[in-house]
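Both backbone and side-chain heavy atoms feed into the values below; hydrogens, waters and symmetry mates do not.
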Amino acid sequence: MHFTSEQRLDDGVIERAFTLGGIPGTLWTPESAEPAPLILMAHNNGLPKGEPRLVARARYSAACGYAVASIDAAGCGDRPRSAADEQARAELRRAMRAGEPVDDIFESFVGPLVENAAPEWRTTLDALLSLPEIGGPVGYSGWMALGVRLAAVEPRISAAGFFAGGFVPRAQREEARQVTIPLLMLLQWDDEGNPRQRALDLFDAFGSKEKTLHANAGGHTGTPWFEVEDGDRFFGRHLR
C-alpha cells in the first residue's frame, strides 16, 4: 500500500489517498492514539469512491472514531473502462430511456463487477489491517451486492450495513442465505429503480439472527441523514 497524499480536514479527520497494486483508494482515520475499528465503505454498483454522498458518510464515521476505507472497482472512478464496460453502460441507458426491462442488462454488468471487486476488497483489507492505526474489528457499509458476497466469504467482517438501492445479481440473492452476521438494511420505500418486494424478499432471505430493516419514504437518493447516525450506533454495538 502506497500513500500518495494526505490532508487534515477541519473535522479532525485525516484523509489519505493510496494505491495498492493498481487499485486506487481513500482512507479516512480519526485523530486517536488507539487503533480504530475499520469500516469498508462502497457505493452502490461501483460508483466512485469520490462520490459526495459516500465521502460525507465516510468523514462522519471517521469523526466518530472509525477508520473508513473505500476503493474504486475495476472500470469505475479513476480506473480505466473497457470497451465492454462502455457498451454495457450504453445499452443500459438506452433501455432505461426506452422503458424496456433492464434486469438482464444489470445482471450481465453488475454480476462480473461483484465477482471482480470482492477479491480486490479482500486484498485491500489485508493491507489495511497491517497498518498500526487500524485494529479491527471490521464492518462493511454500502453497496449491497458486493457486501453480500464479502459477508459470505470474508470471516473478518463482523457486521454490515446494506443500502438496498442497487441491483443485486441472482448469485448474491442466493448467497444471502449464508450471511449470518448482524446486519442493518436501509430501504427507500419509493425507490424508482429498486422494486420494493425484491428488497423485502432479500431481507427475509438473510440467515442472520440479528437483522434490522429501516424503511423511509422517498426515492433513490432520499435516505435521511439520521440513518448515517443510526448506522454508526449499529456499528458501535458490534465493532467496539
Side-chain angles (χ1 to χ4, degrees), residues 1-44 46-73 76-79 117 120-143 146-147 150-151 154-163 181-184 186 212 214 223-240:
M1 178 173 283
H2 174 63
F3 288 102
T4 58
S5 70
E6 177 177 325
Q7 60 177 326
R8 189 178 303 272
L9 306 176
D10 55 13
D11 50 10
V13 171
I14 300 170
E15 179 183 273
R16 287 176 284 174
F18 66 83
T19 60
L20 178 66
I23 304 168
T26 307
L27 175 64
W28 297 266
T29 51
E31 291 183 305
S32 174
E34 299 296 326
L38 174 64
I39 298 174
L40 305 177
M41 192 170 288
H43 213 299
N44 275 346
L47 287 174
K49 57 181 171 39
E51 175 71 21
R53 286 177 291 159
L54 183 148
V55 172
R57 287 166 37 221
R59 288 183 58 173
Y60 179 86
S61 295
C64 290
Y66 299 95
V68 184
S70 186
I71 63 173
D72 281 334
C76 301
D78 293 333
R79 302 180 70 175
E120 293 188 341
W121 276 91
R122 299 185 76 184
T123 298
T124 303
L125 178 58
D126 290 340
L128 290 167
L129 290 178
S130 71
L131 299 175
E133 61 268 40
I134 298 176
V138 180
Y140 174 90
S141 176
W143 179 14
L146 173 64
L150 288 176
E154 179 49 75
R156 291 173 292 184
I157 295 178
S158 301
F162 294 145
F163 284 62
I181 59 175
L183 63 88
L184 171 64
L186 303 183
T212 301
H214 286 186
T223 303
W225 180 257
F226 63 71
E227 291 290 5
V228 177
E229 299 167 349
D230 284 350
D232 279 339
R233 284 191 284 272
F234 165 78
F235 285 121
R237 293 194 296 273
H238 301 291
L239 302 186
R240 294 192 182 276

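Smallest separation of non-hydrogen atoms from M41 and S61: CE-OG, 4.2 Å. Of all non-hydrogen atoms in I181 and A151, the two that sit nearest each other are CD1-CB, 3.9 Å. Between L150 and I157 the shortest heavy-atom distance is CB-CD1, 3.7 Å. For the residue pair A42 and L146, the shortest heavy atom distance occurs at CB-CD2, 4.0 Å. Smallest separation of non-hydrogen atoms from L184 and F234: N-CZ, 3.7 Å. Taking every heavy atom of both residues into account, R240 and C64 meet most closely at NH2-O, 2.9 Å.
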Report the C-alpha separation of H238 and L183 in whole Å, then their side-chain angles, then the decisive distance to 0.1 Å, and conclude whether the side chain to side chain contact (heavy atoms under 4.5 Å, CB included) test is met.
CA-CA 10 Å; H238 301 291; L183 63 88; over 6 Å; no
Check the pair V138, L129 against side chain to side chain contact (heavy atoms under 4.5 Å, CB included), reporting the backbone distance first and the verdict last.
CA-CA 9 Å; V138 180; L129 290 178; 4.1 Å; yes
I would like to know whether F163 and H43 meet side chain to side chain contact (heavy atoms under 4.5 Å, CB included); could you show each step before the answer?
CA-CA 9 Å; F163 284 62; H43 213 299; over 6 Å; no
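Counting heavy atoms from C-beta on, the side chains of L128 and M1 come closer than 4.5 Å. Residues R122 and L40 fail the side-chain proximity criterion, which asks for heavy atoms closer than 4.5 Å.
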Side-chain donor-acceptor contacts of residues 16-30 below 3.5 Å, not counting sequence neighbours, with atom names and distances?
residue, atom, partner, partner atom, Å
R16, NH1, E133, OE2, 3.1
R16, NH2, E133, OE2, 2.6
W28, NE1, E15, OE1, 2.8

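The backbone N or O of R79 lies less than 3.5 Å from no partner atom in the side chain of D72, so there is not a single donor-acceptor pair.
The CZ atom of R59 sits 4.0 Å away from the CG atom of D11 when rounded to the nearest 0.5 Å. Here the straight-line distance linking atom CD1 of I14 with atom OG of S32 works out to 10.0 Å at 0.5 Å rounding.
No salt bridge links R57 with D232; every basic N to acidic carboxylate O contact stays at or beyond 4.0 Å.
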